[in-house]
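Every chain is numbered from 1, with letters handed out A, B, ... down the list of sequences.
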Amino acid sequence: MDFDFSDQQYLFRETFHGFLEQNHDLKKHAALLEGDGFDADLWWGLADLGLFSMLVPEQFGGLGLSFVDMALVLEELGMELVGAPASETIVATDLIVRHGSEKQQARLLPLLAAGKLRVATAIAEPKSGFGDLNIQAQAASNSNGWRLNGHKIMVPHAVMADLIMVAARIGPSQELGLVMLEPQRKGVVLREQSTLDPACRFYAMTLDSVAVDVEDFLGGAVPQPTSLARLLDVSSAVAALQLTGIAGKVLDIAVAYAAQRVQFGKPIGSFQAIKHKCADMAVAIDAARSAAYYGAWAIAEDAVDRVKAVSMAKSFCGDTARQVCNEGIQIHGGMGFTWELGLHWYLRRAKVLEFSHGDAAFHRERVMAATLAELQRQE
Amino acid sequence: MDFDFSDQQYLFRETFHGFLEQNHDLKKHAALLEGDGFDADLWWGLADLGLFSMLVPEQFGGLGLSFVDMALVLEELGMELVGAPASETIVATDLIVRHGSEKQQARLLPLLAAGKLRVATAIAEPKSGFGDLNIQAQAASNSNGWRLNGHKIMVPHAVMADLIMVAARIGPSQELGLVMLEPQRKGVVLREQSTLDPACRFYAMTLDSVAVDVEDFLGGAVPQPTSLARLLDVSSAVAALQLTGIAGKVLDIAVAYAAQRVQFGKPIGSFQAIKHKCADMAVAIDAARSAAYYGAWAIAEDAVDRVKAVSMAKSFCGDTARQVCNEGIQIHGGMGFTWELGLHWYLRRAKVLEFSHGDAAFHRERVMAATLAELQRQE
Amino acid sequence: MDFTYSAENLRFRDELRQWLSDNLPIGWGVTVHEPKDEDERARFRLGWERQLFDGGWSGLDWPTQYGGRGATLIEQAIFSEEMARAGAPDGLNIIGRNLVGPTLMRHGTEAQRQRYLPKILSTDEVWCQGFSEPNAGSDLASINCRAERDGDHFVVNGQKVWTSFAQYSQWCILLVRTDRSLPKHQGISFMLVDMRSPGVTVRPLRQISGESEFNETFFEDVRVPAENIVGELNGGWKIAQTTLAAERGPGDAMARQIRFKRELDDLIVAAATLKRGSTSAIDDPVLRQKIAKSIVEIEIMRLSCLRSLSKLLKGSAPGAAASMLKLYWSHAAQGLYETALETLGFLAPLTDGDSLAPAEGRFQLGFLQSRAFTIYSGSSEIQRNIIAERMLGLPR
Amino acid sequence: MDFTYSAENLRFRDELRQWLSDNLPIGWGVTVHEPKDEDERARFRLGWERQLFDGGWSGLDWPTQYGGRGATLIEQAIFSEEMARAGAPDGLNIIGRNLVGPTLMRHGTEAQRQRYLPKILSTDEVWCQGFSEPNAGSDLASINCRAERDGDHFVVNGQKVWTSFAQYSQWCILLVRTDRSLPKHQGISFMLVDMRSPGVTVRPLRQISGESEFNETFFEDVRVPAENIVGELNGGWKIAQTTLAAERGPGDAMARQIRFKRELDDLIVAAATLKRGSTSAIDDPVLRQKIAKSIVEIEIMRLSCLRSLSKLLKGSAPGAAASMLKLYWSHAAQGLYETALETLGFLAPLTDGDSLAPAEGRFQLGFLQSRAFTIYSGSSEIQRNIIAERMLGLPR
C-alpha cells in the first residue's frame, strides 16, 4: 500500500508546471475569448511533452501509463485553466483504450498519441438533467443503414473537434452507448452557446438524421453497455482533479496577496480573520486531494468502488473549489471583484466544472446508494 | 405598522427577568434532576406574576392579553430553561381559549389563570415522525361509550400534570382532535423516559381502553378539526421563542467569558477568531428574534400566513440555537465541556427543542409548500 | 406590534398598484425587461426614478419640504411589498437617496439641504460616493486624497476607487484629508464635489460580472468652494459614520430586499418549469430545502428591516445595528444565488444570450454580482469587528 | 500509488479476521456491548487491549524490539479496516501507545525506551498526559507547574487539568517549568512521573457527556528522579511538539476513523430501521444527502491518514500537516454526530436507558462527546494559527 505518487510522477508534474508557467497565464487565457478559442501553440506544446500519449498503450505509440500518472498533471492543467478540448481528449483516450474495437484502437490511438486528434464529448441534452437517465438521442437502423437523431448541449469546442463522442441509445434495445462522428457530417448543426465561463466554448449540437456506421459505435459491432457509465466517471474524476487544481491555485494567490496587502499598518494576513480563512481553505484542499487522487486510482484500476470513489471526489472537490474561490475573492476585497485581476476566471471555471457531470448533490446520492449496496454485500 | 414591543411589554419582561434572576439559576436547575422535577416555588412565583393568566380572557379571571404579550416572557423563560409544564400549560391555555366549548372554558380557564391547572400535551407516538400525519391513537365509541387507545411518547411532566391533552383520531371519520384527560384515569400507564435533557421529564403513555366522554374532547360535541394544527403551531412558536432565549443567554455568557479569560497575555475576546464568532452569533440571534417575534404575532392574530411564519421561526431559531450553543462551548475551551460550568444544560435543552414539534428540515418543507400556495393564489 | 393594514393603508396600496400598472411598460417582467446595455440601463433606471418622483413615490420617508412624501412606516413597508410584487426596476440615484439624503439631513446646513436634497429626488442630480482609496479599503481612516485651503476654495488631489455610478453622477460626497498633522481619524473632512469640475477624471473599472458599475476617480487640482464642506473642518470622520450607517441600514436593505424577493419568486417559477426527465426541479426535496432556506432568510431580512425601522422611529440610534443588518443580508443573498445556480443544475453554465439559459441567465449575473455584497459597504470582516467591539463590548 | 492487496496482505487480513472472531465476546455488537459503567468500561478496554497484545496485534507499527509488530503501512490499513468491520472496542492506554511511544522513540534514551515502551504495549503501565493547566490552555507555553532540583531528584508542585485517564494511570508525561528566568518557551522540561508517588492527587472532572474521562491532577512536593527527564533540561518544549504532533497525527486519527466509520455504519442501519409512518428514514432524500456527506468526509479522513502515513514513511516531517488532519477530522466528526441526531429526528431526545431510544442512545452520547473534539489536543483556533503561520507562511 502506498498513497503517494512516485518520484517520476512528481517529476512529470514539474515538467508540465514549468511549461505552463512559461507558456500560459491569465492574459493569454483572456485572449482566447477572441477567435476560435483554441491555443494551438499550447496544444502542441502539451503534445510534445507527451500529454496525449500518456494513456495510449506503447503498441500504439503511446507511453502506456495509467490514470494515476495523469492525476497530478490534470491537477496542473486545472490550475492553469487548461480545459477542453485537452481534458476531453484525454477522457476519450481512456474510453477508446478500454472500449474501442481493435480496429478503432489501431486507427485512433496513434493519432491521439501524436496530439493529432481533438475529441469532444456530447452527453447533456436540453432536458436530460445529470447522469444518463434521460438521454433521448437515438441511433436507429433502417434499410438505408443507421441514422442518429438528437439534441446535445454544452459540447465544448465542438467546432474545433476532429471527433465528437456522442451518448445515445442504440438500436431497438435502446442500450446506451457512444457514437463517434466528425462535426462536419451532414445533418450535424452546431450553434455556439453563451456560458458562465466563455473560455469553455460550449456548443449546442443538433443531429438530424446523421448517417452513422457500426464502425462509429465505440466498440464497433460489440456493444459496450458500460462505456457511457465509464465516460461519466472518468469525466467526473478529471473534473475533480481540475477543481482541486483551481482551489490550490486560488489559495496560493490569496495567501500571497494577504502577505503583502497592508491595512491598519499590518499585512492583512496577520489578522486571524484572514489567517483562519486561509487555514480552512488549506485543510479543505488537502482533503480534496485525498479524494481526487483516490478517485484517479479507482479509475486507473477500474476498482470495485469506482463509482463511490469518483462521486466522493466530485462532490467534495466541487464543494471545496466553491468555498475556496468565494473566500479567495473575499480576501482580496475590492480587488477581488475586478475583471482585471482575473480571479473570476477561476470562479467561472470552477462553477462550470461544479455543474458538469453531476453536481455535489447528485454525486452524494450516488455515494449513498453505493454505500447501501456495499453494506448489503457485507451482510 | 409597528414591529416593536410596547413599553408595557418590555416592562413585563423586566419583571419576569428580575424574578427569574433572583429565584432561579443553574444550580437550582440541576437540583431538579432529583425528585419529581417540579419546582413548586418557581411555579407559584410565576403564577403570582400572572404568567398563567396572561392569555385567559378577563371574564375568566385572566389578563386578556395576546400571544404577542407573551413573546418576550417566553424568550425569558427559554433563557432560564423554564420549560414544561409551564410552557405547555400556556400552549394549552391558548387552545382552550380558541377551541374549548363554553363549558370547558368556564371550568378550566379560571383554574388555569390561577395557576391551579398544569397541562401536558401528548402528540408524538413511537412511529409517528414529525407532524400529525401518522398519529394512530384513536377514540372510538361503542355501546359502553367512548374509549381511547394508543401509545404516546415524550409527554413532559406527565405524572405531575393535572390534565393531558392527547392528539387522537376521533370517531368513525378519523378526524384528528384533542382529548383532555387526567393521568390518573384507569387504563393510563405512564413510564418515565431517559432524555438528552433529563430536566424535560418525558413520559411514555399507554392508553388502554381509557373511558372518555364527549366533554373530554376539546370543543365538546362540536368537532374542532383545526385544533391539532394550531396546537402544533403554537408549540412550535413557543419553542422558537425559547430557542431564541437560550441562544441569547449563551452568547451573553460567552461574551462575558471571552472578555475576562486571558491567554497569550490578552483577553481571548480581543482575538478576531473569538470576536468574529461572537459577531456572527449576535447577527444570527438578531435575525432569530425577527422570526420568532413575527411568529408570535402570527399566532396571536391567527394570521393567514400563520403556518409559514411559525415554520420560518422554528427552522431558523433551531438552527441559530444549534450554532450558538456549539460556538458558545467552543469559546469556553476546556471549561466549556465540563459538567460543572453547566453550558451543557443550554445545549441539551436546545437540542430537545430543536427536535420537538418538527425539526428545521420539516419546517422548511412547510415553508416551501406554503410559499408555492401563496404564489399560486397571487396568479 | 402591529402588522395589520388599516383602510387607509389599503387605499395607499391600491393607489400604488394602480399607479404601477399605469406606469410600468406594458409586458413588464414578461416580455419587456431592462436594457442589457449598461448605459442604456442607467438611462432607463433614471427615467423610471423620474416617473416615480413625478408620481409622488420617491423619497417616501423624506420630509415633504425636501420633496419627499413623509410616509409612515407601514406605507414604506407596503411600498416595498408592492414594488417587489410588480417586479419594478431599481432606480439609479441610490447613493443620492440612501446616503447623501440622510447625511445632509443630519449634518448639513439648512442652505445645503435646500440646495441639494430636492434635486436628488427629482433625479436632476445623481450622486456618487468617494470614500475608498487603493490603500484605504477596510482601513478607511487612512485615506490620502487631500484638500488644501486656497482662499475661499479647497484644492483636491488624489484618487478614489469603487466610486459606483461616478460616470452618471453630477455630484460626489468626498472624504479628504485636510490636516496631516492630526491623528488619522481627526484630519478628515467631508465635502460635496461637483463632478463636472475641471480636473475630475472617471475611469470605469470592469467587475467580475463584466459590468462597470464601479470606477476609479482621479482628482487633479480640483477646486471646491469652502462652503461645500459638510459639518466642521476636520470633522468628517464622524459624518462619514452617518453615511456608512445609512449605507448599511434598513433603508438600503429594504430596497435590496425587494430585489432579492423578486429574484426568489422568479427562481421558484424557473424551478417549476425546469424539467429533469419527467420531474420538475421544484419537486426535488433536496432543492426544496435549499430554496426554503433562502425564502426564510430573505423574508427575515424584510422583518429585520421593519424591526430596525420601528426602533429608529422611536429614536434609537443606528450604528452597530446597521452592521448587523448588512452582515446578515449580504450572506443571505449570497446563499440565495448559490441556491439559484444549484436549482438550474446542469443548465447553470448557460448564460444570457443562450436560448436554453433559464431566466435569461439573470441568476448567473446575480451570482457574480453577489460576490461583492460581502466586500463593499465595509467587508464582513469590518462589520464583525464593529459588532463585536461596539455592540458586544469585546476588547479591541 | 497502490491500494491493491497482495496474497500476503490477504493472509494477514484473514488471520486477523479469524483472531477477531475467536477473541471478541460472542454476540459482540449485537447482543453484547461495552459496559456502561465507566470504571468497568475502562477495565474492559484494558482487558481487550491485553488480548490484542497477547495475540500480537498491539503496537502494529512499533519496532519489534519494543514489543511491536513492525507492520507495513498496508497492514496497518487492513488492521483499521478490519477493526472497524468487527466493531472492535477501543483500548484504554491510548496516550501510552499514541503519544508516549512516539515521543520516547524520538527523544528518549535507549534506557528509557527499554524501561517504558514494552510495558505500554503489554498494558502493564497505563499513561496519562499532564500538559494543560487552568491558565495554560491554548497558551500552553505559559505553564506554571514547577519542578525544582533537589539532589538527584526534582520536586514538583502545581496543577494540571484535562488529564485524561489519570485515574487509571501508573505514569504521566508531565510538562514542568524548570527555569523561571528563561523566556517562557525555554524554561520547560519534559518528565516522566510515577502517578503512584506521594503527593499526587487525581480529582475527576465530570464532562458534559456525564462521563469523567478527564481529571484535575495536583502535584504537591512530588519527588521525581532526575533520570526521568526526557531530553535536555529546559528543552521540553521541543519534545512536547513531538507529542502534540503525534496527538494530532495520522496514527491517532486512523484509530479514531475506525470508531467513526463504525458509528456511521450503525447510523445507516438505524436509519433503515427507523420508520416515519410508512417510510424509513433512509429513504428521505434530504437525510440521504447529509448522511452521504458524512460518509464522504469520514472516508476522506481514512484516505488522508493513509496519504499522511505514506509521506511519513518516506521521511517527510510531521508538524503542521498533523494540525491539518486534526482540524479536518474534528469538524467532520462533529458533523457526523449532528447528522446522526437529525437522522433520529423526533426520537433524538430519547437516550440510553429508554427502550425506544434508537441505537441505545449512543449517538446522543457521541454527539455530546464530539463537542470536545475541536477543543482538546489544541483547539481549532490554535490549529488554524499553526497551519496559517507554519504551513502557509502568513505573518504572525
Side-chain angles (χ1 to χ4, degrees), chain A residues 123-131 133-134 153-154 191-198 200 202 204 261-265 268 271 273-274 277 322 325-326 329-345 347-348 351-362 364-365, chain C residues 132 134-142 161-162 205-212 214 216 274-279 281 284 286-287 290 334 338 341-342 344-357 361 364-365 367-376 379-382 384-385:
Chain A
I123 303 160
E125 300 179 4
K127 293 188 174 178
S128 64
F130 295 124
L133 227 53
N134 303 304
I153 56 172
M154 296 190 272
R191 172 178 70 74
E192 190 162 359
Q193 301 191 282
S194 300
T195 36
L196 191 53
D197 179 1
C200 284
F202 281 154
R261 166 75 173 172
V262 173
Q263 288 284 275
F264 305 102
I268 60 169
F271 292 102
I274 303 296
K277 250 193 235 304
R322 178 196 285 209
C325 288
N326 286 349
I329 288 173
Q330 182 70 20
I331 288 169
H332 279 78
M335 286 305 295
F337 60 92
T338 58
W339 183 274
E340 246 173 278
L341 190 78
L343 277 178
H344 63 104
W345 293 120
L347 179 74
R348 287 167 188 274
K351 264 286 173 267
V352 168
L353 288 170
E354 185 185 345
F355 290 107
S356 297
H357 317 297
D359 66 0
F362 172 85
R364 274 195 290 267
E365 178 53 42
Chain C
S132 296
N135 289 313
S138 286
D139 184 11
L140 182 60
S142 69
V161 74
W162 325 128
L205 264 178
R206 201 166 173 206
Q207 295 148 243
I208 63 175
S209 61
E211 301 162 305
S212 300
F214 303 125
E216 292 180 290
L274 277 169
K275 290 271 177 264
R276 277 121 195 233
S278 55
T279 57
D284 175 345
V286 176
L287 266 182
K290 292 176 184 172
Q334 286 185 343
E338 298 277 4
L341 296 198
E342 288 180 51
L344 306 186
F346 80 116
L347 293 176
L350 296 182
T351 48
D352 188 24
D354 194 87
S355 55
L356 291 170
Q364 289 87 341
L365 182 64
F367 164 74
L368 291 170
Q369 292 168 336
S370 78
R371 297 324 314 166
F373 295 166
T374 50
I375 296 174
Y376 61 44
S379 71
S380 295
E381 289 72 27
I382 291 297
R384 290 189 186 105
N385 280 343

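For A/Ser194, the side-chain contact (heavy atoms from CB on, under 4.5 Å) partners at least two apart in sequence or on another chain are C/Thr351, C/Asp354. Not counting sequence neighbours, the partners of C/Gln369 by the side-chain contact (heavy atoms from CB on, under 4.5 Å) test are C/Ser209, C/Glu211, C/Leu365.
Contacts with chain C were tallied for A/Arg261, A/His357, A/Glu125; A/Arg261 has the most, counting heavy-atom pairs under 4.5 Å. Note on A/Arg191, A/His344, A/Gln263, A/Arg348: by heavy-atom pairs under 4.5 Å with chain C, the leading option is A/Gln263. Ranked by heavy-atom pairs shorter than 4.5 Å toward chain A, the options C/Ala348, C/Gly345, C/Ser132, C/Gly210 are led by C/Gly345. Residue with the most contacts toward chain A among C/Asn385, C/Leu368, C/Leu344, C/Val161: C/Leu368 (heavy-atom pairs, distance under 4.5 Å). No other option in A/Val352, A/Asp197, A/Ile274, A/Thr195 has as many heavy-atom pairs under 4.5 Å with chain C as A/Thr195. Among the candidates A/Ala124, A/Ala361, A/Ser128, the residue making the largest number of heavy-atom pairs closer than 4.5 Å to chain C is A/Ser128.
Of the two parts of C/Leu341, the backbone and the side chain both hold a non-hydrogen atom closer than 4.5 Å to a non-hydrogen atom of chain A. With a 4.5 angstrom heavy-atom cutoff, C/Asp284 does not touch chain A via any of its atoms. In this structure, chain A has no heavy atom under 4.5 Å from any part of C/Ala357. Of the atoms belonging to A/Glu192, it is backbone heavy atoms, and not side-chain ones, that fall under 4.5 Å from chain C. Neither the backbone nor the side chain of C/Ala141 comes within less than 4.5 Å of any heavy atom of chain A. For chain C, the nearby part of A/Ile153 is the side chain; its heavy atoms alone come within less than 4.5 Å. Heavy atoms closer than 4.5 Å to chain C are found nowhere in A/Glu354, neither backbone nor side chain. For A/Ile329, the parts lying under 4.5 angstrom from a heavy atom of chain C are both the backbone and the side chain. The contact between A/Lys127 and chain C is made by backbone and side chain atoms together, counting heavy-atom distances below 4.5 Å. Interface residue A/Leu347: only side-chain heavy atoms are found under 4.5 Å from chain C.
A donor-acceptor pair under 3.5 Å is formed between the side chain of A/Gln193 and the backbone N or O of A/Met154. Counting only distance, with no hydrogens or angles, the side chain of C/Asp139 and the backbone of A/Phe264 share a donor-acceptor pair below 3.5 Å.
Inter-residue side-chain proximity for C/Glu342 and C/Leu287 is flagged as met; some heavy-atom pair is nearer than 4.5 Å. Counting only heavy atoms from C-beta outward, the side chains of A/Phe337 and A/Leu343 never approach each other to under 4.5 Å. Side-chain contact between C/Trp162 and A/Thr338 is present, with heavy atoms from C-beta onward closer than 4.5 Å.
The pair C/Arg371-C/Glu338 counts as a salt bridge, with a side-chain nitrogen and a carboxylate oxygen less than 4.0 angstrom apart.
How far CG of C/Leu347 is from CD of C/Gln364: 9.0 Å, rounded to the nearest 0.5 Å.
For A/Asn326 and C/Gln334, the side-chain atoms include no donor-acceptor pair closer than 3.5 Å.
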